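What follows is a short report on a single structure.
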Amino acid sequence: MSRGSSRTIRVEVLTRVEGEGALTVRLKGDAVVDVQFRIVEPPRFFEALLRGRAFGEAPDITSRICGICPVAYQMSAVHAVEDALGVTVDGPLRALRRLLYCGEWIESHALHVTLLHAPDFLGYESGIAMAKDHPGAVTRGLQLKQAGNELLRVLGGREIHPVNVRVGGFYRVPARGELAAIEERLKRALDQALAVVRWVSDFHFPDFERDYEFVALRHPTEYPILGDRLVSSRGLDIAVRDYEAHFAEEHVERSSALHSVLSGRGAYAVGPLARYSLNFDRLAPVAQQAAREAGLGPVCLNPFRSIVVRAVETVQAVDEALRIIAAYEPPDAPAVSVVPCAGTGCGCSEAPRGILYHRYRLAGDGTILEAKIVPPTSQNQKTIEEDLWRFVEPRVHLGEQELTWQCEQAIRNYDPCISCATHFLKLSVERG
Amino acid sequence: MATTTEDAGPPGPAGGDPMRPAPFRVARRVVETHDVFTLWLEPVGGPGGFSSQPGQFDMLYAFGAGEVPVSLSGPPGPVKQVVHTIRAVGPVTQSLQRLKRGDVVGLRGPFGSAWPVSLAEGSDVVLVAGGIGLAPLRPALYHVLSQRERYGRIVLLYGARTPRDILFAREIETWRGRFDADVEVVVDRAAPGWHGLVGVVTTLVPRAHFDPHNAVAFVCGPELMMTFTVRALAHHGVVPARTWVSLERNMKCAVGFCGHCQLGPTFICRDGPVYRWDRVAPLLGVREL
Amino acid sequence: MGARRRLKLAVWKFASCDGCQLSLLDCEDELLALAGALEIAHFPEASRAVAKGPYDLSLVEGSITTPHDAERIHQVRRASKVLVTIGACATSGGIQALRNFADVGEWIPLVYATPDFIHTLKTSTPIANHVPVDFELHGCPVDKRQLLEVILATLNGRRPVLAAHSVCFECKRRGTVCVLVADGTPCLGPVTRTGCGAICPAYRRGCYGCFGPLKNPNTAALGERLRILGQSDADLVRAFRGINAGAEAFRRESESHEPR
Amino acid sequence: MPETAVETGVECAIEVADLDPLLGALRERGFTVMGPLLRDGAVIYDEVRSSADLPAGWTDRQEPGSYRLQRSDSPRLFDFTVGPSSWKRFLHPPALRLWQAHREDGGFQVVDVEPPPPRLAFLAVRACEIHAIAVQDRVLLGGPHVDPAYRARRAGLFVVAVQCTRAGATCFCASMKTGPRAGAGYDLALTEVLEAGRHWFRVEVGSERGAEVLAAVPHRAVRPGESAAAERALAGVAEQMGRTMETAGLPALLRRSPEHPRWSEVANRCLACGNCTMVCPTCFCTTVEDTGDLAGRTAERVRRWDSCFSAEFSYIHGGSVRPSIRARYRQWLTHKLSTWHDQFGESGCVGCGRCITWCPAGIDLTEEVRALQASKRRKEDRRADA
Amino acid sequence: MQTLEPILAQIPLFQGMRPEHLKLIAGCASNARFDAGQFIGRQGEPADKFWIVRQGRVALEIHAPGRGALTIMTVAENEVLGWSWLLAPHQWHFDAYALTATRAIALDGKCLRGKFASDHELGYELMSRFSQLIVQRLEATNLQLLDLYGDHD
């Protein structure tokens with residue numbers, strides 16, 4: 001290949017990710033001249049179709065944005081609506097919400113780590129193909145995933161689009177015995193999660209680090225799942241309510257999507273790497289120890305190691321679930337009462353892939369007048385492209401197939417959830 | 001708690017759990033038409049006597065797929081092999097269609113009422129069949145032909161959709177060749193090359209040679225076909241009280257527990273499938289009963 | 001019975017949340033057996049490997065919302081021996097079919113971020129509006145046991161056997177106390193097709209119809225009952241205009257409560 | 001059925017505190033006791049471990065399509081009428097794995113997978129429910145075939161009846177002659193008496209087993225005046241019932257009325273949801289589901305409650321025999337009140353009123369029957385006038 | 001031709017007819033024979049006769065482009081072939097084709113119609129009998145259309 005010649009790395013359908021995305025990397029000689037991580041997902045207009053709906057419908061409607069992290073949507077939605085209505089949900093109800101969320105983390109992380117991401121490191125086309133040579137690891141991953149699903153099923157009614165979450169709490173809360181019934185299962189899952197950390201820590205990781213600005217929720221005592229403060233690795237420390245004052249969605253000429261940026265500072269990263277690096281001190285001892293044994297420091301800047309961080313977060317989620325179950329005392333009522341009133345509220349929670357922001361403006365009767373949803377993948381999109389700019393150049397000597405695969409892997413580091421990326425269209429729809 | 005089929009007793013209603021199928025092996029399989037086939041079944045692991053009366057049915061189970069009622073189409077009485085002629089129309093019959101010699105099905109039965117062949121002794125016997133309805137009538141025909149001297153004239157009138165839908169075509173030729181039975185076959189439509197009759201089976205009734213005032217008629221086919229056939233028979237002089245039909249409804253248990261096959265006051269699995277026409281005619285006259 | 005030929009399975013995505021295809025990956029206990037019984041020939045969410053068609057069984061998720069997808073579904077149909085649609089999006093247009101009720105005039109002036117925006121249709125329509133469909137599996141998301149039955153049936157060359165009665169059957173079998181009768185909670189269970197296992201009433205909330213209408217449901221009678229229970233016309237419009245807004249029976253019922 | 005024994009008719013009394021010893025005596029004899037509990041806003045039947053589980057101080061208010069629990073000011077334990085559960089849940093379960101089949105040696109073997117059912121004792125069985133059990137007995141045990149699953153559950157059943165001391169707005173057992181007083185079909189029958197500050201039970205002994213169990217529980221002879229007090233508690237219940245049904249000539253009327261316009265009228269309101277059949281204590285229809293695993297190694301058959309209200313119930317290749325809701329409602333009502341007589345020699349309705357209360361549309365079969373009868377009467381009147 | 005009168009009396013179509021009417025009909029009757037494969041009438045041709053088949057079998061066919069000839073019904077012993085002679089425009093609707101060697105009694109439609117003009121009662125009688133026949137054929141046709149034995153899924 002002569003110097004100065006052009007070539008293009010093109011991935012028409014990104015695989016082993018959720019939703020439909022495509023990638024184009026243009027090279028001129030050894031230099032990258034263009035990177036486009038495109039979302040080819042058809043628009044579904046969620047923010048528009050929420051207008052005119054009752055506030056109580058927000059969790060059920062927004063969960064349909066994503067089949068992989070429906071709980072994240074339900075949680076951000078109920079928090080935003082509760083914020084608008086001036087309602088606080090805490091005590092056992094909040095614990096149950098965290099428990100449900102743990103189920104989603106376990107399920108989603110186990111799926112990504114074993115079935116979607118690990119095959120990249122071990123050279124397989126899929127987790128299923130990998131199962132022929134690594135049956136134990138795949139079975140373990142599936143069982144771990146199933147433990148997460150079990151939690152979702154018991155608490156939420158079903159794994160995908162659970163039905164039990166409502167503004168104010170739940171429709172029905174479990175009896176102690178119902179949760180106790182899954183304790184054994186989770187204890188086994190903890191061992192399995194620790195084994196997964198050991199397994200992935202032995203993978204070969206490309207030598208690639210970047211000085212990201214990480215953004216995650218921060219809670220006084222908890223590893224962040226639900227929370228009301230956002231922090232960054234460069235000193236941002238704001239209330240979730242102020243999200244839109246600091247974060248903006250920029251129109252990027254060469255992309256069909258809006259890129260989320262920190263105003264005046266540019267790209268930032270959300271997700272396991274950010275959460276971990278900003279909240280290492282909030283991890284449970286068992287998770288911290290697992291991280292150390294896996295060779296992770298308190299901050300991780302290599303996105304390829306996100307698989308290890310995900311495995312550590314799985315340990316965290318299982319351990320946390322066990323602690324919540326052990327301490328659980330059923331509340332008197334499954335939900336706190338809510339009275340519709342006019343107002344605007346924001347909610348943010350840590351989806352498996354990073355922070356998910358919702359804002360709703362409600363009319364006096366509780367009708368949604370306006371909705372804004374910023375999913376994690378659109379926040380990471382700019383960072384993913386920047387990763388690729390830096391990642392590809394030193395590797396231009398690689399063969400076409402090899403380089404393509406590595407680019408895909410670099411995207412899969414973010415476990416992108418493309419169906420979620422609802423927000424790349426600027427909508428100006430007024431509905432009565 | 002596992003008990004094997006050996007403990008379960010014979011498949012029939014005589015003993016054990018009436019809902020538990022006994023394994024039968026496909027001993028022979030014949031393709032009758034593009035969508036109809038016949039299975040000869042033998043009990044797995046033992047002689048296992050099997051006896052039925054003409055017109056009765058079995059529940060046949062295709063492993064994992066489900067169970068369907070199927071009339072016996074072979075000789076009545078004690079047999080070594082149970083014969084069923086099946087039309088592949090639904091998921092289960094399609095699964096049964098794919099069976100090969102040596103494969104195993106589940107069988108419960110025989111169930112239900114029979115063509116009253118003893119009552120017909122001394123009379124002319126008119127069998128009118130439509131489509132797959134010939135299969136449940138065949139045991140009755142076998143019976144009357146084997147006891148030929150006890151009956152008057154024997155007439156088989158058979159209507160099929162097209163020449164290629166004619167069941168048991170070779171056997172029909174054999175019956176037709178007998179001097180002591182009248183056989184007429186008619187098809188709804190035919191392409192050139194078919195030299196047989198075209199029309200509906202009801203039109204065969206006035207042409208047939210039997211004494212309507214001393215005849216017993218057994219009619220089996222789609223419900224509409226039976227209704228019009230009985231009408232034609234009555235017009236010709238065969239009274240409804242001497243006419244029997246075989247009915248079909250959804251059936252899950254075959255023993256009167258599941259409730260599906262009710263037709264007014266009767267359970268088709270238990271009181272039928274063979275009914276005297278005048279007993280069911282008022283029921284069949286009610287829409288969506 | 002003899003060894004079966006491994007059938008080629010393809011999974012296709014149109015406008016959707018991916019949840020229905022995730023149901024396949026949620027068959028944790030059966031997944032490896034499934035991969036043994038079938039050749040997973042096209043399933044981007046699970047595998048980089050893509051085998052060429054024709055495919056014995058195509059599972060199609062999502063609705064048609066773009067001109068490009070309206071073309072692409074024909075290619076999928078041509079490449080598929082048996083085409084099964086999975087989920088509310090594919091069978092009724094999904095939640096995004098709410099756009100079908102919007103005033104077109106309000107939806108046309110959408111301003112896209114870039115000139116090369118993705119073209120979108122005015123409607124979100126089920127797959128069967130575009131190509132012949134061999135079987136429709138309902139639900140948002142589909143029930144994984146039902147999904148396995150569809151695959152198993154295809155493996156065995158038969159039609160899937162799925163109950164089609166109301167959610168109420170399932171509620172009563174579970175021993176759930178009727179939320180409509182005992183709490184006065186609006187519930188679409190009496191007119192909604194079973195399959196989910198009657199989850200919502202078991203969690204003390206009304207069914208919101210994610211498996212879509214029964215065949216020939218008496219939605220008018222339920223609408224009348226809900227009105228007596230205190231639901232306004234606007235509530236009723238929303239109740240029937242949800243996950244399966246595009247399903248004919250629900251669409252008609254929702255429209256009958258719209259202000260004139 | 002419990003044997004009628006010499007003790008039949010003997011009356012004793014137990015104090016309210018002796019209910020737990022009664023439960024204990026039943027458990028000691030290997031019974032799992034099922035009885036009324038509060039759950040999700042209704043009185044349902046499930047396992048009762050102690051008298052504290054019973055819905056003391058609760059009563060219910062029932063109307064067509066509506067059921068509401070209410071606090072009562074009374075410490076009564078059985079101050080409610082029948083709820084959404086019926087005992088058929090335990091005798092004729094909503095879902096039952098009939099068997100499993102495993103492939104082997106080119107064939108398959110059919111094996112039982114359900115553990116043997118527990119020995120059941122039912123606590124607080126009402127008169128209408130005793131009759132409902134007897135109705136199902138005739139269906140599932142009385143014909144040429146016997147349902148072994150039902151037989152196994154029914155065989156050792158111990159019945160503790162509770163005599164109704166109040167009736168609900170949807171009750172009409174008096175019309176069906178199945179209540180309110182349970183006269184037989186029980187091992188023990190309790191009458192809850194709360195009078196003059198005393199809370200106790202009269203116990204009628206219906207069988208030898210009943211006598212044997214009662215002997216193990218602190219009990220005493222009925223004191224002078226107590227029998228009268230118990231009878232006072234039962235007085236007036238029949239008159240309290242909110243519904244009635246004229247049964248004379250009803251089977252014949254229904255046989256003659258398949259084309260009555262009322263069927264179309266009720267079809268406009270009927271949701272065909274099947275709730276009435278599911279809550280009915282005598283409806284026995286089931287379907288079977290056959291499933292197999294992916295590898296084709298294991299298959300099983302599950303039997304589930306079914307209902308004539310589903311279109312697929314009557315499906316034969318080509319379509320449903322009863323595609324219209326009109327035909328399905330007619331089938332249900334006619335079967336229950338007319339053809340049941342032809343099939344089993346009695347009515348299929350015991351007048352418990354569940355189908356009225358638990359119909360989400362509030363359809364009342366007594367009202368439907370009256371409408372069918374009324375137009376018949378109108379015809380007769382016209383004839384009389386002519 | 002007088003010899004045909006007793007034969008006609010045996011034919012179901014004419015059973016119970018008054019002798020003077022039978023005599024008039026016999027006046028229009030003649031014997032006919034057809035070889036196997038011979039067309040007795042062709043679609044669109046003038047239909048001025050009808051036949052009573054005495055022996056053999058006749059097919060009524062219709063020709064559909066692309067589907068070839070389809071047999072609609074067959075006519076056998078003692079059955080009536082043809083009623084187009086009775087009604088304007090007196091044209092064959094189908095092809096009538098002798099499946100086997102066939103003997104028949106031919107009845108001249110013009111001759112009969114002529115007799116009706118002077119004997120309305122005969123016209124009424126024969127018209128009633130043909131109406132009966134047509135109704136039977138119609139019912140049979142309806143049943144054929146219902147495709148009773150077909151797959152109705």
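Just so we're clear, the structure is a prediction, and the values are computed from it rather than from any experiment. Naming: A, B, ... by sequence-line order, numbering from 1 per chain.
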Checklist outcome for this item: Interface check, chain D: of C/Ala221, C/Ser166, C/Gly184, C/Ala182, most non-hydrogen pairs under 4.5 Å belong to C/Ala182
Next on the checklist: Under 4.5 Å from any heavy atom of chain D, what part of C/Leu229 do you find: side chain, backbone, both or neither?
Outcome noted: neither
Checklist entry - In terms of heavy-atom proximity below 4.5 Å to chain C, should D/Ser307 be classed as side chain, backbone, both, or neither? => result both
Next on the checklist: I need the residue from C/Leu226, C/Asn218, C/Val181 with the largest number of non-hydrogen atom pairs under 4.5 Å to chain D.
Outcome noted: C/Val181
Next on the checklist: Looking only at heavy atoms and a cut-off of under 4.5 Å, which of D/Thr287, D/Asp306, D/Ile44 has the most pairs with chain C?
Outcome noted: D/Asp306
Checklist entry - Considering all heavy atoms of both residues, which atom of C/Val177 and which atom of D/Pro84 are nearest to each other, and what is their separation? => result CG2-CG, 4.3 Å
Checklist entry - In Å and rounded to the nearest 0.5 Å, what is the CG to CG distance from D/Asp293 to C/Leu152? => result 7.5 Å
Item to check | Heavy-atom proximity to chain D below 4.5 Å, by part of C/Arg225 | outcome: side chain
Item to check | For chain C, the option from D/Ser85, D/Gly292, D/Gly41, D/Ala272 that forms the most heavy-atom pairs under 4.5 Å | outcome: D/Gly292
Next on the checklist: Given heavy-atom pairs under 4.5 angstrom as the criterion, report whether the side chain, backbone, both or neither of D/Leu271 touches chain C.
Outcome noted: both
Item to check | D/Asp60, part contacting chain C, at a heavy-atom distance under 4.5 Å | outcome: neither
Checklist entry - Taking C/Leu180, C/Asp183, C/Val191 one by one, which has the highest count of heavy-atom pairs under 4.5 Å against chain D? => result C/Asp183
Checklist entry - Taking atom CD of D/Glu312 and atom NZ of C/Lys215, what is their separation to the nearest 0.5 Å? => result 10.0 Å
Checklist entry - Has the side chain of C/Arg173 got a donor or acceptor atom that lies under 3.5 Å from a matching backbone atom of D/Ala95? => result no
Item to check | Region of C/Ala163 in contact with chain D, defined by heavy-atom distances below 4.5 Å | outcome: both
Next on the checklist: I want to check something: taking the side chain as every heavy atom from C-beta on, are C/Val161 and D/Glu289 in contact at a cut-off of under 4.5 Å?
Outcome noted: no
Checklist entry - Checking D/Arg89 against chain C: side chain, backbone, both or neither under 4.5 Å from a heavy atom? => result side chain
Item to check | Which portion of D/Asn268 sits near chain C, non-hydrogen atoms under 4.5 angstrom | outcome: backbone
Checklist entry - Taking all atoms of both residues into account, what is the closest heavy-atom pair of C/Leu34 and D/Leu294, and its distance? => result CD1-CD1, 3.3 Å
Checklist entry - If you tally heavy-atom pairs under 4.5 Å against chain D, which of C/Glu30, C/Glu149, C/Arg204 wins? => result C/Arg204
Checklist entry - If every non-hydrogen atom of C/Phe169 is compared with every non-hydrogen atom of D/Ser310, which pair is closest and at what distance? => result CZ-CB, 3.7 Å
Checklist entry - Which one of D/Arg304, D/Arg39, D/Glu63, D/Gln62 has the most heavy-atom pairs closer than 4.5 Å to chain C? => result D/Arg304
Next on the checklist: Could you measure the distance from the CH2 atom of D/Trp358 to the SG atom of C/Cys168? Nearest 0.5 Å is fine.
Outcome noted: 12.0 Å
Next on the checklist: Which one wins on heavy-atom pair count under 4.5 Å against chain D: C/His165, C/Lys172, C/Arg174?
Outcome noted: C/Lys172
